Amino acid sequence: MELLELMRTRRSIRSYKDEKVSEEDITKIVQAGLLSASGKAIRPWEFIVVTDKDVLLKMADCRAGSVKMLKEAPCAIVVVGNEEASDVWTEDCSAAMSNMHLMAHALGLGSCWVQGRLRKAEDGSDTEAFVRDILGYPENYKLQAILTVGVPNEEKAPYELDKLPMEKVHKEKF
């Protein structure tokens with residue numbers, strides 16, 4: 001599939017079938033994240049792959065609002081960044097998330113980006129502290145986001161290129 005077509009057809013999927021994601025597919029998704037661009041090639045990220053259903057259920061309360069897809073998802077990839085390693089860790093982690101999002105779609109899987117940084121959990125605590133308590137990553141690593149991954153249980157229409165907001169594109173000057 002051509003890259004632009006992959007981007008056009010990738011949509012956030014929040015409902016998953018009760019099917020496991022293969023280890024081979026998880027490896028490819030993680031490899032896509034590891035291949036991401038990174039300022040000065042520092043790669044300040046770490047990925048935590050979670051497939052344990054009990055852990056996913058605990059994580060489902062990590063954010064106020066609509067992140068209950070963690071209860072259905074057979075896999076989540078938690079992306080944390082070492083804030084001491086790079087001043088652009090958030091950008092680098094976002095690039096890794098984007099690559100993994102696209103790879104999941106290329107493999108026929110659905111995924112959804114669950115923002116973690118600067119968010120609150122259902123109990124009012126910081127999402128980051130909530131997830132750290134469950135997964136045990138070090139204090140100098142900060143939560144960027146969680147990518148839920150699974151076999152889609154919903155279909156969404158692709159984006160239409162002729163409906164993109166081209167008025168947001170400026171040439172030479174704003």
Side-chain angles (χ1 to χ4, degrees), residues 1-39 41-51 56 59-60 62-81 86 88-119 127 131 143-174:
M1 185 184 295
E2 178 186 309
L3 182 58
L4 188 60
E5 183 65 8
L6 185 71
M7 291 173 168
R8 189 179 79 78
T9 57
R10 192 225 46 86
R11 301 294 303 267
S12 292
I13 301 297
R14 293 175 176 85
S15 181
Y16 305 102
K17 293 181 180 175
D18 188 20
E19 297 178 30
K20 288 186 176 187
V21 176
S22 74
E23 286 298 322
E24 180 181 348
D25 285 349
I26 292 171
T27 297
K28 287 179 182 178
I29 293 167
V30 169
Q31 287 171 333
L34 293 171
L35 288 168
S36 297
S38 169
I42 292 173
R43 298 181 178 102
W45 55 68
E46 300 280 338
F47 306 148
I48 305 166
V49 177
V50 180
T51 57
L56 291 166
M59 287 173 53
C62 75
R63 273 263 319 270
S66 59
V67 298
K68 299 305 178 200
M69 75 284 270
L70 278 163
K71 289 182 179 179
E72 287 185 26
C75 178
I77 302 170
V78 179
V79 178
V80 297
S86 172
V88 293
W89 71 269
T90 58
E91 292 86 347
D92 288 351
C93 288
S94 292
M97 281 288 294
S98 188
N99 272 18
M100 291 190 292
H101 221 354
L102 287 170
M103 179 53 78
H105 180 57
L107 295 169
L109 297 168
S111 62
C112 189
W113 182 316
V114 177
Q115 184 63 27
R117 190 165 118 12
L118 306 176
R119 297 296 185 263
T127 296
V131 175
L143 177 64
Q144 175 65 22
I146 301 166
L147 187 70
T148 60
V149 181
V151 176
N153 196 27
E154 64 179 323
E155 287 186 34
K156 294 184 177 181
Y159 295 104
E160 296 180 35
L161 294 178
D162 62 347
K163 291 188 178 175
L164 291 175
M166 295 304 290
E167 68 277 4
K168 293 186 172 281
V169 179
H170 309 277
K171 295 186 179 183
E172 311 307 336
K173 289 183 169 184
F174 190 91

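The structure displayed is predicted, hence computed values, not measured ones.
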Got a second to check how far [X]'s [atom1] is from [Y]'s [atom2], nearest 0.5 Å?
X    : Y    : atom1 : atom2 : value
Y16  : C75  : OH    : SG    : 9.5 Å
T27  : Q31  : OG1   : CD    : 6.0 Å
L56  : T51  : CG    : OG1   : 7.5 Å
L118 : L143 : CG    : CG    : 10.0 Å
N153 : E72  : CG    : CD    : 7.0 Å
L70  : C62  : CG    : SG    : 5.5 Å

Mind checking what makes side chain to side chain donor-acceptor pair (under 3.5 Å) contact with [X], not counting sequence neighbours?
X   : answer
S98 : none
S38 : D92
R11 : Y159
S36 : N99

For the student: nearest non-hydrogen atoms of [X] and [Y], plus distance:
X    : Y    : value
V21  : G150 : CG2-CA, 3.8 Å
V88  : G39  : CG2-CA, 4.5 Å
W113 : S94  : CH2-O, 3.6 Å

Check side chain to side chain contact (heavy atoms under 4.5 Å, CB included) between [X] and all other residues, then give those that pass, not counting sequence neighbours.
X    : answer
V30  : I26, L34, F47, V49, I77
E155 : none
R10  : S12, H101, L102, H105
L35  : none

Side-chain touch [X]/[Y], heavy atoms, less than 4.5 angstrom:
X    : Y   : answer
K156 : R14 : yes
L147 : V79 : no
R8   : L4  : no

Could you list all the salt bridge (charged side-chain N to carboxylate O under 4.0 Å, His left out) pairs where at least one residue sits in residues 157-174, not counting sequence neighbours? E160-K163
Sorted by first residue and then second, give each salt bridge (charged side-chain N to carboxylate O under 4.0 Å, His left out) pair with at least one member in residues 16-36; sequence neighbours left out.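 Counting only pairs at least two positions apart or across chains, the salt bridge (charged side-chain N to carboxylate O under 4.0 Å, His left out) contacts touching residues 16-36 are E24-K28.
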Under 3.5 Å donor-acceptor, Q144 side chain and G81 backbone: no
Can a donor-acceptor pair be found, under 3.5 Å and without considering hydrogens, that links the side chain of T127 to the backbone of R119? yes
